[in-house]
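Right, one structure below, let's go through it.
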Amino acid sequence: MREKPKTLPPTLRDKHRYIAFQVIGERPFNKDEIKKALWNASLKTLGELGTARVKPWFIKFDEKTQTGIVRCDRKYVEELRFALTMVTEINGSKAIIRTLGVSGTIKRLKLKFLKEFGWK
Amino acid sequence: MREKPKTLPPTLRDKHRYIAFQVIGERPFNKDEIKKALWNASLKTLGELGTARVKPWFIKFDEKTQTGIVRCDRKYVEELRFALTMVTEINGSKAIIRTLGVSGTIKRLKLKFLKEFGWK
Amino acid sequence: MKWVEMDIRSEEAYNQAKEWYDEVVFTKKIYLKSSPNFEELKSEVKSLREKYEKVALLLITEKPSLVREVRKRISNALIYVQGGNLRVVRFAIENKVDAIISPEYGRKDSGLDHVLARLAARNDVAIGFALSPLLRANSYERANILKFMMRNWRLVDKYKVPRFLTSSAESKWEVRFPRDLMSLGINIGMEIPQAKASLSFYPEMILKKFKKS
Amino acid sequence: MKWVEMDIRSEEAYNQAKEWYDEVVFTKKIYLKSSPNFEELKSEVKSLREKYEKVALLLITEKPSLVREVRKRISNALIYVQGGNLRVVRFAIENKVDAIISPEYGRKDSGLDHVLARLAARNDVAIGFALSPLLRANSYERANILKFMMRNWRLVDKYKVPRFLTSSAESKWEVRFPRDLMSLGINIGMEIPQAKASLSFYPEMILKKFKKS
């Protein structure tokens, strides 16, 4: 088993935000399609350097309700939101990615924006 | 003939920088290849949004000496330089884009960095 | 505060927008080469208003004089003019249309200058920043359009021109949630409250014209 | 002030780098699975030094103990250790090698933490930020490597770890002009003077070790 670096002290740690989103598509998408779509959207709109700064990170996608969570750097929420806004299709099928809300913790994000979609 | 918007007053005008560069390649490249390479490098590294901010603009390329000029927004010279640094090939042939220097006017740029390559 | 989508161009797009916005303006595109039949146009506007309540006509023309004609004779719809032709845009601003949509549209420059921006502010003509041309463009074009939108935003901000953000959606797939459309505004240079006002305060000011008419 | 390229891995790359830098360190990569033949290694270092003057050995290994052996027995070359294996990196820092190249190399994390960074500072072990892994990567990998380099830079900066920028070029096509290599440093978070010092001041400090030996 490979070792991992230690968690950094709070002042050095990355400050994240979690974004809840809903995908509206011609058809339902699966987790891998969404994961790839998030990366592609970021690379296309923000580039390799912008993506490194924004640090998008796929957290979860619920295929039943087509809702999910993506994480990013606290300073760049609007850049990632814009990248998602520019998405017009996912894996060849028309789609809209709508953001539901933003929070500093997954717990609060679920409570405020995903509960109505049946998330626990 | 289509009309063009008036030149903006100085405070609203874009502030530019001009970058002189030299291309070192497996083979000589022509102007169109370089123009396309600059755009592709910017879109790949900086994305659509980053490119809109950095505003790269191809000015000139001398095929004989493989040197040229590209313009960008004053605030984003290092972003464009990095995008050029990341170039590994142009139109399928290996290449390095080396920056020679930066200036606020084309005239001074030529005088300081391109004169030795025979530019007037 | 109400969310207002100022420019929606088809029924399915309208229905999608209605789910996310408090008010939606249905836009009818009109390509004008010569004077339209005003009786027909008026009756079409009337039936559109019965269906959609708030209606705009988007004039797409190369002839400035046609803009004035429509502006004079149609009173129960907002009059938008498609940006892109500077002569038409200047004339439209002089004739106090309600908005210019995408001044940079189809151009190799931003299609707006300080003279036009100042006049638009004085004549209460809004500038519409539209998402859909970006959605349809390739990466190269997107970078250019965004660059021009950033420049136009600086002018609109500086001269306090009325402004709005819109999807200018032609299909339901081009409609976006208000908070997501705000991110377009923020990324071309708006402060967050300015982006919000571009989907609420400024559109509401324009919608008040309906009550007057 | 001198420009120094700390890690160049082939003859053609060395010749290219020599055109742009005042000092160039030639690096010999060594894959170690077991103890090397030290007589051979010493004589190879000797002949490389005759050709290139400044020579480094880049140790690529999974076995920490081999790093210590080489560190002890080779004195006329800089000892670099390839980042990527945390156990090896920690051991290398404890044994005061001259530099760790690309702590994030081949990893799904940044491969450095505050404990290691603090120890590296105390033991005068430099962190090398290398361009070539970026050049060989696809867009997805580039974004990730850059992200890890940004994080590592924050640690290196905070704990004042010696650092340098290098191409780590294996071919002449991976060599970059010093001012261009600086842009890598600037874009992962360095101030311009810090990026400059990463190609001059810090490398020169490390090169002084040659005179002592």
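Quick note on labels: first sequence line is chain A, next is B, and so on, each numbered from 1. Everything numeric in this text was worked out from a predicted model, so none of it was measured.
Contact of the D:R179 side chain with the B:R81 side chain is registered, since non-hydrogen atoms from C-beta on lie closer than 4.5 Å. A 4.5 Å side-chain heavy-atom check between B:E26 and D:W173 finds at least one atom pair inside the cut-off. Side chains of B:T85 and D:L184 form no contact here, defined as non-hydrogen atoms less than 4.5 Å apart.
Residue D:R176 comes nearest to B:V87 through the heavy atom pair NH2-O, 2.7 Å, listed as atom of the first residue, atom of the second, then distance. Nearest heavy atoms, D:N187 versus B:E78: ND2-O, 3.1 Å. Annotation for D:D180 and B:T99: closest pair OD1-OG1, 2.5 Å, computed over non-hydrogen atoms. In plain terms, the two heavy atoms of B:I96 and D:V175 that are nearest each other are CD1-O, 3.6 Å.
Heavy-atom neighbours of D:K18 NZ from other residues, nucleotides or ligands within 6.0 Å: above the threshold of 12. B:R13 CZ: more than 12 foreign heavy atoms inside a 6.0 Å radius. Within 6.0 Å of NZ in B:K15 there are more than 12 heavy atoms belonging to other residues, nucleotides or ligands.
When heavy atoms are compared at a cutoff of 4.5 Å, D:R136 does not approach chain B at all. Looking at B:I24, the atoms closer than 4.5 Å to chain D (heavy atoms on both sides) sit in the backbone and in the side chain alike. With a threshold of 4.5 angstrom between heavy atoms, D:I186 approaches chain B through side-chain atoms but not through N, CA, C or O. Only the side chain of B:K44 comes within contact range of chain D, with at least one heavy atom under 4.5 Å from a heavy atom of that chain. With a 4.5 angstrom heavy-atom cutoff, B:A83 does not touch chain D via any of its atoms.
The CZ atom of B:F82 lies 6.0 Å from the CG atom of D:L134; values are rounded to the nearest 0.5 Å. Rounded to the nearest 0.5 angstrom, D:S171 OG and B:K94 NZ are separated by 6.0 Å.
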